[in-house]
Amino acid sequence: MDIKAKVIDLIVEELGVEVGEVTLEASFIEDLGADSLDTVELIMKFEEEFDIDIADEDAEGLTTVGKAIEYLQKQLD
Amino acid sequence: MKRLEDKVAIITGAARGIGFSIAEKISEHGATSVIIDLDKKAVDTAVQQIDDIGNRAIGFTADVTNSEEIASIFKEIHKEFGKIDILINNAGITKDGLLMKMKESDWDAVINVNLKGTFICTQKVSRYMLKNRSGIIVNIASVIGLMGNAGQANYAASKGGIIALTKSSAKEFASRNIRVNAVAPGFIQTEMTDKLPQEIIDNYSAAIPLSRMGTATDVANLCVFLASDEAGYITGQTIQVDGGLIM
């Protein structure tokens, strides 16, 4: 499974943004217009789609697209 | 007019008393009531009673203070119906006693069921409502939570807490079209008050401007209204059903 592509898909779907905007450096809140509830929902979406549990402490660090992808790749390895 | 056609409504503590009246009324308005209560036999009877008059209800036996149990039941409900539209946090207990003599265990038990139970159910239902960009939560508080009552420090604190929780969750969820309101019943006739001597009931009633005790239906009617689209611009409020007892 291509985790990166899947994560980008989920972000596009959840935040209603264009694929082009979802760069690795993009911050969910600053660049992609997410509010705090969106970020919680996004984490829940990752948990659901990848069937994992993301600890709150870990979730706090996932502020950009790149960080989320890296984290999920590591978890699913 | 049916106000809640095809909605799915969870009502906690709904096997009897005010909770059952709410479930009955909500089903009467076209919704499926999901009755959650501790006592399996009472849950079955309640579901049967609603079923018998041709309305829809299902039941689950659970403790609102058990977050894992609640999460798994809500998941099952969501799986079955594809949505959860309404949550009525009604489950509550009393363990009265003067503050000086109140056992810590009685304090904890009341805060746990009434306040923490409301928090747990709200938290567990929120993921479905957030995703759906729509939802209605009604928390059953009490006038005691507004005015306090000698001998009910634990109950008053739990109900006052519910009012504050209502306001906070209304603010957190408003952007997702989820409304959260509280209902504060006054002196309501239930199985519990039926056991009181007539003299005491008369004394209480004399203090109420509308000079009668309320009925569970009075409370249920407000819940139906708050759960309906007609209340679409109301959130974060505590509305009393108390015959004017406090104003």
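Owing to the predicted nature of the structure, the values given are computational and were not obtained by experimental measurement. Residue numbers start from 1 in every chain, and the chains themselves are labelled A, B, ... in the order their sequence lines are given, proteins ahead of strands. Both backbone and side-chain heavy atoms feed into the values below; hydrogens, waters and symmetry mates do not.
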Main-chain N/O of B/Ala62 paired to B/Asp37 side chain as donor or acceptor, under 3.5 Å:
no

Those residues of residues 134-143 of chain B, ordered by number, that approach chain A below 4.5 Å (heavy atom to heavy atom):
none

Would you give me the side-chain donor-acceptor pairs under 3.5 Å for residues 111-120 of chain B, sequence neighbours excluded?
{"from": "B/Asn112", "atom 1": "ND2", "to": "B/Asp108", "atom 2": "O", "distance (Å)": "3.4"}
{"from": "B/Asn114", "atom 1": "OD1", "to": "B/Ile93", "atom 2": "N", "distance (Å)": "2.9"}
{"from": "B/Asn114", "atom 1": "ND2", "to": "B/Ile93", "atom 2": "O", "distance (Å)": "3.2"}
{"from": "B/Asn114", "atom 1": "ND2", "to": "B/Ser158", "atom 2": "OG", "distance (Å)": "3.1"}
{"from": "B/Thr118", "atom 1": "OG1", "to": "B/Asn114", "atom 2": "O", "distance (Å)": "2.6"}

Kindly state each residue pair satisfying salt bridge (Lys or Arg N to Asp or Glu O under 4.0 Å) with at least one member in residues 58-77 of chain A, sequence neighbours excluded.
none

When you look at B/Ser27 and B/Ser33, which way does the side-chain hydrogen bond (donor to acceptor under 3.5 Å, both in side chains) test go after all the steps?
CA-CA 6 Å; B/Ser27 294; B/Ser33 283; 2.9 Å; yes

Listed partners of A/Asp38 passing side chain to side chain contact (heavy atoms under 4.5 Å, CB included), at least two apart
A/Leu15, A/Ala34, A/Asp35, A/Glu41, B/Arg133, B/Arg176

Structural part of B/Ser175 lying under 4.5 Å from a heavy atom of chain A:
side chain

Give a yes or no on whether B/Lys2 atom NZ has more than 12 heavy-atom contacts from other residues, nucleotides or ligands under 6.0 Å away.
yes

